[in-house]
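All figures in this text were calculated on a predicted structure; none of them were measured in a lab.
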Amino acid sequence: MSARAPTSTRVSYSTPSTISWSPPLSGSIKCNLDAGIFKDQNAFGINGFCLRYDHGSFIKARTELHPGMPQPQEAEPFALQRARNWTQQ
């Protein structure tokens, strides 16, 4: 049996692309949201609703966790509906 020389591994890192917030029309409020699925908890969540005025200042935010494992294409509309109800309170 012959010994093999160790091979080198090249690791490269890239800088994540910059994510920027784009404001709504003047005089409007914008709600950003995201849903996530947590298999280990058999749950899905709305990772955040965030309301901001058109000039970017913070209004309020919220997160929620719900039981179940919907498909991503079901979790996102659910989050949108929850955000809509929340903003009308």
Side-chain angles (χ1 to χ4, degrees):
M1 227 166 130
S2 64
R4 294 180 102 171
T7 58
S8 64
T9 303
R10 175 179 243 177
V11 178
S12 62
Y13 297 94
S14 62
T15 305
S17 55
T18 303
I19 298 172
S20 61
W21 181 79
S22 56
L25 296 173
S26 180
S28 298
I29 293 172
K30 185 172 185 177
C31 179
N32 291 98
L33 62 96
D34 186 39
I37 298 171
F38 309 103
K39 291 181 183 180
D40 59 328
Q41 297 177 22
N42 191 33
F44 71 103
I46 298 148
N47 299 339
F49 307 123
C50 182
L51 289 178
R52 293 184 182 271
Y53 291 109
D54 59 339
H55 48 80
S57 64
F58 175 81
I59 301 171
K60 63 181 180 175
R62 178 177 177 156
T63 62
E64 295 181 358
L65 187 64
H66 299 274
M69 294 286 298
Q71 295 297 313
Q73 64 269 26
E74 297 166 336
E76 292 286 339
F78 178 83
L80 183 58
Q81 182 62 44
R82 295 291 297 171
R84 183 173 180 215
N85 293 343
W86 175 66
T87 58
Q88 293 175 352
Q89 294 176 355

Partner residues of Lys60 under the side chain to side chain donor-acceptor pair (under 3.5 Å) criterion, sequence neighbours left out = none
Taking side-chain contact (heavy atoms from CB on, under 4.5 Å) as the test, write out the residues that go with Ile59, two or more places apart.
-> Ile29, Leu51, Tyr53
Transitive ILVMFWY cluster of Phe58, excluding itself - 4.5 Å side-chain cut-off | none
Residues joined to Leu65 in its hydrophobic cluster, side chain to side chain under 4.5 Å directly or through other members, sorted by chain and number, are Phe38
In chain order, what residues pass the salt bridge (charged side-chain N to carboxylate O under 4.0 Å, His left out) check against Arg52, with sequence neighbours excluded?
-> none
Would you please name every residue forming a salt bridge (charged side-chain N to carboxylate O under 4.0 Å, His left out) with Arg84, sequence neighbours left out?
-> none
For residues 25-41, the salt bridge (charged side-chain N to carboxylate O under 4.0 Å, His left out) pairs (sequence neighbours left out) are none
Any side-chain heavy atom of Phe49 sitting closer than 4.5 Å to one from Asn32?
-> no
Residue pairs passing the side-chain hydrogen bond (donor to acceptor under 3.5 Å, both in side chains) test with at least one member in residues 74-83, sequence neighbours excluded, are Glu64-Arg82, Gln81-Asn85
Taking all heavy atoms of Asp54 and all of Gly27, pick out the closest pair and write down the distance.
-> OD2-N, 2.7 Å
First locate atom CH2 of Trp86, then atom CG of Leu33, and finally report the distance between them rounded to the nearest 0.5 Å.
-> 10.0 Å
Set of residues satisfying side-chain contact (heavy atoms from CB on, under 4.5 Å) with respect to Ser28, sequence neighbours excluded = Pro24, Leu25
